[in-house]
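First comes the structure, then the notes that go with it.
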There are 2 protein chains.
Amino acid sequence: MEILDKLDIAILKILQQDNFTPQRDIGQQVGLSAAAVQRRMKRMKEEGIIQRNISVVNREKIGRPITLFVEVIMESEKAEYIDTTKAIFRATPEVQQCYYVTGDADFVLIIVVPSMHDYELLTRRIFFGNDNIKHFRTMVAMDLVKVGLDVSLDTILA
Amino acid sequence: MEILDKLDIAILKILQQDNFTPQRDIGQQVGLSAAAVQRRMKRMKEEGIIQRNISVVNREKIGRPITLFVEVIMESEKAEYIDTTKAIFRATPEVQQCYYVTGDADFVLIIVVPSMHDYELLTRRIFFGNDNIKHFRTMVAMDLVKVGLDVSLDTILA
DNA sequence: GTAACAAATGAAACAAAATTGCACAAATAC
DNA sequence: GTATTTGTGCAATTTTGTTTCATTTGTTAC
C-alpha cells in the first residue's frame, strides 16, 4: 500500500501536532482501536511517510536567540562546486536549514546562533573561506511568526 | 532551576534526533536512570525548553513536492498592517514557516504546496489580495539540502 | 447471488515503557 | 555543625505499546 486514506491523514494530523499522544487517544479521536493506530503508524514510518520523530528545542531558552536568513550567490554553478558547498552547509550545525534554489539566489539558509558576533565568525568560516561564493545577503529575524515543519493535510484525496 | 547541565543537553541532543528513544536507552547513553531522564524531560517540557514533540511528514510522499521561498516587501511598516499580515500568514496552512525580518525584505516565507498551479492560486489569495504588500519575490527549492528545527547544542556551557 | 480469498479490524493477552513513592546522598543554607 | 533543598536510584505501580487471534469487511471469481 502506498496511498493514505482519511484515517491515515487524521492520524498524521495529530502526530504532526504532538507525537506523544497515546495511541489509545488517537484511536478514540479518529475512530479506531489503539492496535489499528499502532499498525498504521508503523506502516507510515516504514514507508517514510513519517520521516522523523523529534523534539523541538526552544532556541531562545538555550541561548541561541538569533535567527538569520541568508541568500547565497555562487560564482559558478558547476555541479562540483555546488555539491561541495552543500556538504559544508550540511555539516555546519549552526545552519539549521539549507535549500538549493532557483531564482536570484543559489542557496537559502536559515542560521541559528547565540549572537551576531558568532554569526560574524561563522561567515568567515563558511562564506569568506569559500572562493565559490560570490555574494551573500543577510536578513535578521525579528519575529519567528511561524516555525514548524508541518505540511498541510487538508485537501488530500490521494 | 532554569539552567541546563551537561546531562540535560545530552538528553536534548538525543530527543532532537529521535524522541521515541526509550528513556531507558537515553539513561544508559547519558549515565542516568530512566526515572531521572523522565523527570528531566518533564521539567524541560514544563519550562518550555522542549517546545513541542512532533512527527515530521515527508512532503513528497503525501503529494506536496513543491517548496518555495518568498520574500515579501510591504508598502507600509505600520504595526497595524504588519500584525494583520502576520495573522494571515499564520493562518495559512501552506505557509509552513514565516519570519518577520529586517533587511531587504519584511517577511520571509517558506511555502509547501502540491504544484506551481496551487502556488499561483495561493499568491492571489494572500499576496494580491493584500493591498499592503508591495512586492514579493519567489525562489523555488530544487533540493532540500537540510531541513530541520535542530539547534546546535555543542558549545553550551550555561 | 455466493463461495473463496485478502486485507484490515477489535478485543484480549502480553510485553515494555513511563510514572510514582520512597529512602538516600550530595550540595546549599543557616 | 545541623537543617533544608535538590536530585538520584530502585522498586512498585500504572500506563502505554505490541502481538495474537478470531471476526468482519470488502473484493474477486465463478
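Letters A, B, ... are given to chains in the order of the sequence lines, protein chains preceding strands, and every chain is numbered from 1.
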From CG of A:L7 over to C1' of C:dT9, roughly how many Å is that when rounded to an integer? 11 Å

Rounded to whole angstroms, how far apart are CG on B:D18 and C1' on C:dA17? 15 Å

Could you state the CD1-P distance from B:I26 to C:dA17, rounded to the nearest angstrom? 12 Å

SB check B:R43 B:D8 (cutoff 4.0 Å): yes

Charged N to carboxylate O below 4.0 Å: is that the case for B:E120 and B:R124? yes

Whole angstroms only, please: what is the CG-C1' distance between A:D5 and C:dT9? 13 Å

Whole-Å distance between C:dA8 P and A:L4 CG? 13 Å

Option from A:N58, A:V56, A:I62 for which side-chain contact (heavy atoms from CB on, under 4.5 Å) with B:V151 holds: A:I62

Going 5' to 3' through nucleotides 9-21 of chain D and flagging B where a protein heavy-atom sits under 4.0 Å of the base, S where only the sugar-phosphate is that close, and - otherwise, we get BB-----BBBBB-

Salt bridge between B:D18 and A:R52, side-chain N to carboxylate O under 4.0 Å? no

Only one of B:N130, B:V95, B:D83 forms a side-chain contact (heavy atoms from CB on, under 4.5 Å) with B:I88, so which one is it? B:N130

Between B:D118 and B:R64 (salt bridge meaning N to carboxylate O under 4.0 Å), is one present in this structure? no

